[in-house]
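Have a look at the structure below before the remarks.
Here is the naming used below: chain letters follow the sequence lines, and residue numbers restart at 1 for every chain.
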Number of protein chains: 2
Amino acid sequence: MSEAGTGGESLLFLTDEQLRKGIEAMFFAYRGFTADPDRILAELGYGRAHHRAVHFINRRPGLTVNALLSVLGVTKQSLNRVLRTLIVDGLVESRVGTQDRRERHLHLTERGAELERRLSEAQRARMRAAYRAAGPQAVAGFRHVLEAMMDEEIRAQYLALRDAQT
Amino acid sequence: MSEAGTGGESLLFLTDEQLRKGIEAMFFAYRGFTADPDRILAELGYGRAHHRAVHFINRRPGLTVNALLSVLGVTKQSLNRVLRTLIVDGLVESRVGTQDRRERHLHLTERGAELERRLSEAQRARMRAAYRAAGPQAVAGFRHVLEAMMDEEIRAQYLALRDAQT
DNA sequence: ATTTTATGTCAGTCTTGTTGACTTTCCAAG
DNA sequence: CTTGGAAAGTCAACAAGACTGACATAAAAT
């Protein structure tokens, strides 16, 4: 890891001014990060909450409502409103569990998958451009810092999700 | 660092899977990023909007309402509600401009500056920990990618703000 | 004198979050 | 087999914080 080799620089990086710049960069970058999907969602009368639900259902097909709840970090009442519109609109399918029939397993329908692709492609295009502009080494650093910034529990969830993928 | 160093890898980094992981990292990291200030704000009956206003007023003392509006990317009605509570509560001072008396120049009061320090210190503590854990090289990469992810106009604002500081 | 700009304010809407109360379903332990 | 409790869904009420649109005021610019 880099911290081992370049010990002397660490102190310079940790001035309050450097940290404040990082905070601002995070704020502005997040705005860019959500800007493109937001435009698509607005067309369709959806919001960011719909995007997040669709994203994670696509990511973990068949996950339960409870699991989605804990990934998103919202209450079931809040999620339910969003989920209901997605189900009514035919983008998400809620299947009763086979072993435990109290559980509802969530899947995207073909139309839901289409929306997911559209949203994701917009977001990935920006990410791809940023990655290209910054270079592979910067990308590795970017991911490192982001992972270190997460809450402990969230990081565990993230790593599990990350490693479960291809 | 494990993945960096060799130029030929660039293509590998730009698989959809890598991009999706970056998207998720961004989502979860932003949650961590706002978690600590959110707790402090909740105690005081404020929200994220108050934090953002206080942050940028501290950053650019004497900036006008219009300038703050454009930095925050919200409408004046939305900002006004937040700003009014901060002024009434004695955290922000609104001074009539000297050259142009239509303008209101915004400053933090001593109490406002105290809150700013408290919020900022919480956020910087997390940032500092993340920076330490990831190392200086990762930090540089982090900032690179974030800057490349911003909208053009926003990036210009950010760079102006960044370079105006010590 | 008129227009434009900067700001503030009122009213109403929307999304997305919250709590609390209650029901239905159904697994599992007594 | 009965009952306790977990999972899920629903209804209601509420709040923050975003939006639009309309309008008011003061001051600068033309």
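In this structure, CG of B:Leu79 is placed 8 Å from P of C:dG8, rounded to the nearest angstrom. A:Gln99 places its CD atom 14 Å from the P atom of D:dA7, with the value rounded to the nearest Å. One can place CZ of A:Arg84 at 16 Å from P of D:dA8, the figure rounded to the nearest angstrom. As rounded to whole Å, 14 Å separates atom C1' of D:dA29 from atom CD of B:Glu103. When the P atom of C:dC22 is taken as reference, atom NZ of A:Lys76 falls 14 Å away, rounded to whole Å. The nearest whole Å value for the distance from the NE2 atom in B:His105 to the P atom in C:dA6 is 11 Å. Rounding to whole angstrom units, CG of residue B:Leu83 and C1' of C:dT7 are separated by 11 Å. Rounded to whole Å, atom C1' of C:dC27 lies 7 Å from atom CG of A:Asp100.
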What are the atom names and distances for every N/O pair under 3.5 Å that joins the protein to nucleotides 3-6 of chain D?
unit_1 : atom_1 : unit_2   : atom_2 : d
D:dA6  : N3     : A:Arg102 : NH1    : 3.3

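Between A:Ser78 and A:Arg101, the residue whose closest nucleotide on DNA chain C is further toward the 5' end is A:Ser78.
The line from CD of A:Glu24 to OH of B:Tyr158 is 7.0 Å long, rounded to the nearest 0.5 Å. Rounded to the nearest 0.5 Å, atoms CG (A:Leu19) and CG (A:Leu14) are 6.0 Å apart. Taking CG from A:Leu44 and CG from A:Asp89, the interatomic distance works out to 9.5 Å, rounded to the nearest 0.5 Å.
By the 30° and 60° cut-offs, the orientation of the rings of B:His55 relative to B:His51 is perpendicular. Using the six-membered ring where Trp is involved, A:Phe27 and B:Phe56 have ring planes that are tilted, between 30° and 60° apart. Taking the six-membered ring where tryptophan is involved, the planes of A:Tyr30 and B:Tyr30 are essentially parallel, since the angle between them stays under 30° and well short of 60°.
For B:Ala122, the side chain to side chain contact (heavy atoms under 4.5 Å, CB included) partners are B:Asp36, B:Ile40, not counting sequence neighbours.
One finds a side-chain N or O of A:Asn80 lying less than 4.0 angstrom from the OP1 or OP2 phosphate oxygen of D:dT10. In terms of phosphate contacts, A:Arg81 brings no side-chain nitrogen or oxygen within less than 4.0 Å of OP1 or OP2 of C:dT16. Phosphate proximity of D:dA18 to B:Thr75: absent, as no side-chain N or O sits under 4.0 Å from OP1 or OP2. When the side-chain nitrogen and oxygen atoms of A:Arg104 are compared with OP1 and OP2 of D:dA7, none of them lie within a distance under 4.0 Å.
Checked by atom type and distance alone, the side chain of A:Ser94 never pairs as donor or acceptor with a backbone atom of A:Leu106 at under 3.5 Å.
Between the side chain of A:Gln77 and the base of C:dG17, no donor-acceptor pair under 3.5 Å is found.
Taking a cutoff of 4.0 Å between a charged side-chain nitrogen and a carboxylate oxygen, A:Asp151 and B:Arg31 do not qualify as a salt bridge.
If you check residues 32-53 of chain A against DNA chain D, you find no residue with a heavy atom closer than 4.0 Å.
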